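Numbering of ligands and ligand atoms starts at 1, following listing order. Keep in mind the model is a prediction, meaning the values are calculated, not measured.
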Amino acid sequence: MIPFLDLRAQYSSIKDEIQQAVTGVFESGQFVLGEDVAAFESEFARYVGAAHGIAVNTGTSALHLALLAAGVGPGDEVITVPFTFVATVAAICYTGARPVFVDVDPRSFTLDVAQLEAAITPKTKAILPVHIYGQPADMDPILAIARERNLIVIEDACQAHGAEYRGRRVGSIGDLACFSFYPGKNLGACGEGGLVTTSNARYAETIRMLRDWGQAKKYHHVLRGYNYRMEGLQGAILRVKLRHLEAWTALRRSRAAEYAVFLKAADVVAPPEMSYARHVYHVYAVRTTDRTQLQRTLQSYGVQTGIHYPIPVHLQEAYRDLGYTAGTFPESERAANEVLSLPMYPELSNSQIEIVAAAVKSGERVERVAARAS
Ligand SMILES: *Cc1c(COP(=O)(O)O)cnc(C)c1O
């Protein structure tokens, strides 16, 4: 069986470091925020090239607080894409603002810049592009339009730790950026975690207060805040894992390159890396017009797959009241019907990739390749 994700393989490779970090937290007793979290904040901010990092409990909270710091609230509109994980849109709704969708580019699956200006209204306050699957959105034209219209740009970088846009790491490009450390993300906690990066000191200070009950100092509540604090254990573990992130990213990228070679002859479209991008392959999604069959074939050869995501947010039942109907965002809807995510993690072996690729190409050849690989 080839699993879709193997978190245990990663754990075995760094078991001693993790254990030491966990012991350190128990010795210090700093279970919420504390020194490890503070150190992780500055180490991660330095890694992406931003001045400030503010750690929170989830990527969703990171999005919520970034939007609040940007001044987004009831009556405002925030532009984003419908082809994303639901949290992007949920966070906009938490603020009382309205999400306004722009379709995605059919190659990158990120915000289609050509359709951005038409979505801007006098109520638009911010643009929230999503670096989906680990591929950055086309940030320069988005920033140019935002500057001209006086809009704030918030990156949803929850799937894109270490991804680069024209040589700059995501997280340092927009006014604010949000990361998730959900266990399956490229940098994953042993539980939940998230972080906002920004180079704006005022935004950073607001978010720092909002995540901890809006306190300027203990029991002095300047803002109506939240309990969105990161746990000490997660901070300590994420510090350890951050040291390995570049090596893991390099492995993901070489696995993706191997897939691309093996899949050349197959009847699927491999994910392109945009010319401006360093893709970090959080998800390796191929496109096929016969997804149900392909998924069934792979399943029969013990290859686990995933679908990210089967329904675009504008067609989700929970967001029906936004008033969007089927056909409004054809590229997002087509992507939702055609994408299939293959196993992707740094520890995936070359022979496993060969088996997956052979299974994609033709079910019959799989046994031969599997026999050769074992
Ligand atoms: C994972 C994810 C989130 C939410 O992060 P959580 O840590 O699960 O709250 C938001 N946006 C995108 C694109 C994600 O993939």
(request) Consider ligand 1: state whether an atom of it lies below 4.0 angstrom from any non-hydrogen atom of Lys185. (result) yes

(message) List ligand 1 atoms under 4.0 Å from Thr88, heavy atoms only on the residue side.
(response) 11 (N)

(message) Tell me the protein heavy atom at minimum distance from atom 9 (O) of ligand 1, and give that distance in Å.
(response) Thr60 OG1, 2.5 Å

(message) I need the nearest protein heavy-atom contact for atom 8 (O) of ligand 1: residue, atom name and distance, please.
(response) Ser180 OG, 4.0 Å

(message) Give the atom numbers and elements of ligand 1 that come within less than 4.0 Å of a heavy atom of Cys158.
(response) 2 (C), 3 (C), 10 (C), 11 (N), 12 (C), 14 (C)

(message) Test your reading of the structure: does Gly59 have an N or O sitting under 3.5 Å from an N or O of ligand 1?
(response) yes

(request) If the plane angle is over 60° it's perpendicular, under 30° parallel, otherwise tilted; pick one for Tyr226 and Tyr228. (result) parallel

(message) Ring-plane angle category for Tyr47 and Phe44, please: parallel below 30°, perpendicular beyond 60°, tilted otherwise.
(response) tilted

(request) Check each heavy atom of Asp156 against ligand 1 and say whether those closer than 4.0 Å belong to the side chain, the backbone, both or neither. (result) side chain

(message) Is there a polar contact between ligand 1 and Thr84, counting only N or O atoms under 3.5 Å apart?
(response) no

(message) For atom 15 (O) of ligand 1, what's the nearest protein heavy-atom neighbour? Residue, atom name and distance, please.
(response) Gln159 NE2, 2.8 Å

(message) Under 4.0 Å from a heavy atom of Thr58: which atoms of ligand 1 are those, numbered in the order shown and with their elements?
(response) 7 (O), 9 (O)

(request) Evaluate the ring planes of Tyr281 and His279, with Trp represented by its six-membered ring, and classify them as parallel (under 30°), tilted (30 to 60°) or perpendicular (over 60°). (result) parallel

(message) Quick check: Phe101 with Tyr319 (ring centres under 6.0 Å apart)?
(response) no

(request) Please answer whether the main-chain N or O of Val280 pairs with a side-chain N or O of Gln159 as donor and acceptor at a distance below 3.5 Å. (result) no

(message) Looking at Ala55, is its backbone amide N or carbonyl O close enough to the side chain of Glu41 to form a donor-acceptor pair, meaning the two atoms are under 3.5 Å apart?
(response) yes

(message) Within the 4.0 Å heavy-atom shell around Ala87, which atoms of ligand 1 are there?
(response) 3 (C), 4 (C), 10 (C)

(request) Applying side chain to side chain donor-acceptor pair (under 3.5 Å), run through His308 and Ser341 and close with a yes or a no. (result) CA-CA 7 Å; His308 304 91; Ser341 310; 2.7 Å; yes

(request) Would you please classify the geometry between the Phe179 ring and the His161 ring as parallel, tilted or perpendicular, with 30° and 60° separating the classes? (result) tilted

